[in-house]
Amino acid sequence: MTRIKRGYIARRRRKKISLFASSFRGAHSRLTRTITQQRIRALVSAHRDRDRKKRDFRRLWITRINAVIRGMGVSYSYSRLIHNLYRKQLLLNRKILAQIAISNRNCLYMISNEIIK
Amino acid sequence: MAILCASTSAIFSSSSSSERSGFASLRKTIPSNQSSFLGFFPVLAFSKPSGVRTKTTLSFSKRDFRVCCQDLSLVPENQRWMFEESEADGPDIWNNTWYPKAKDHINTEKPWYVVDATDKILGRLASTIAVHIRGKNLATYTPSVDMGAFVIVVNAEKVAVSGKKRTQKLYRRHSGRPGGMTVETFNQLQQRIPERIIEHAVRGMLPKGRLGRALFNHLKVYKGPDHPHEAQKPVDLPIRDKRVQKQR
């Protein structure tokens with residue numbers, strides 16, 4: 001059999017991978033074996049967290065709305081607000097309600113006073 | 001919803017217009033009274049009672065998911081009166097969740113609260129304190145940023161517990177070496193270091209981690225009735241729990 005050197009095949013493959021990891025810290029952007037491992041972990045985290053992102057933001061909106069609504073009066077809470085929203089068929093979602101709560105709190109109070117009735 | 005909500009009538013037009021523009025293409029199944037969106041609202045004369053809000057297809061319904069209210073060039077001419085000019089080039093508040101900038105959580109501008117612990121039930125008091133320190137009563141609550149206030153507790157040695165906890169509640173600590181566990185009752189700890197009781201209770205209610213440990217430093221507990229923070233002008237801590245005061 002003739003002798004075959006492997007040449008640049010492996011280097012080409014690893015260059016693509018290390019381009020992905022070029023902003024990582026320390027050895028994670030310098031050592032080839034570590035680079036492949038860290039790239040895999042990064043992609044796995046990104047995949048899992050794309051779904052988590054939707055959950056996390058909804059949690060944050062709910063917590064923010066709850067914080068403002070509880071200041072409205074005794075025993076008024078996020079759960080009652082959502083119940084009233086559904087009862088009056090108001091379609092504002094939690095994201096918009098949370099942004100309203102931050103930017104213009106009186107507006108949220110007025111909305112909730114209207115839907116209580 | 002770029003209209004600044006300055007009046008009640010403006011509220012209805014703004015909130016109804018925002019949701020209609022946001023959801024015009026989706027809600028086909030909700031039965032409703034027909035309240036058609038007029039091309040022109042006379043704002044002062046408008047006083048619609050809140051009822052069922054309906055969807056109506058608007059002229060720009062196809063684009064409504066991508067139209068942010070700030071970009072006025074995408075809004076047709078006859079609808080432009082709905083949008084405030086002043087917000088037109090600002091940050092997009094409807095598609096990005098608010099995150100605090102550095103100037104939103106400067107320590108020197110945070111509120112200070114003072115609370116007198118005399119005859120208050122330990123756990124209920126600690127719970128309210130932890131909520132205020134963490135910032136969970138604020139609309140700007142963010143789990144990764146310290147948005148909470150500072151809390152001063154005075155008369156810490158007079159805090160009350162119900163039942164037989166005075167003699168039966170145990171505080172344990174371990175030095176790390178074998179046989180190094182020390183157990184104290186509530187009474188003994190109150191004789192020795194009364195501030196530690198409230199600190200222990202609040203620390204258990206704050207998150208455990210780097211941010212939690214930083215939050216704990218915002219709690220200041222003192223034994224007697226005075227505290228050295230008069231310069232911060234602390235306000236009375238509003239406690240919403242009805243059962244925090246010990247019944248005599």
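Throughout, a chain's letter reflects where its sequence line sits, starting with A, and its residues are numbered from 1. Everything numeric here is computed off the predicted structure, so don't read it as measured data.
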For residues 238-248 of chain B against chain A, heavy atoms under 4.5 Å, the residues are B:R240, B:K242
Cut-off 4.5 Å, heavy atoms of chain B, and the answer for A:R87 is neither
Closest non-hydrogen contact found for A:I96 with B:W94 is CD1-CE3, 3.7 Å
Rounded to the nearest 0.5 Å, the CD1 atom of A:I100 sits from the CD1 atom of B:I93 at a distance of 9.0 Å
Among residues 16-45 of chain A, residues within the sub-4.5 Å heavy-atom range of chain B, in order of number, are none
Residues of residues 96-128 of chain B with a heavy atom under 4.5 Å from any heavy atom of chain A, in residue-number order, are B:N96, B:T97, B:W98
Scanning both residues in full, the closest heavy-atom pair of B:A139 with A:A101 reads CB-O, 3.8 Å
Against chain B, residues from residues 66-73 of chain A with at least one heavy atom under 4.5 Å, in numeric order, are A:A67, A:V68, A:R70, A:G71, A:G73
Taken to the nearest 0.5 Å, the spacing of A:R64 CZ from B:T142 OG1 works out to 4.5 Å
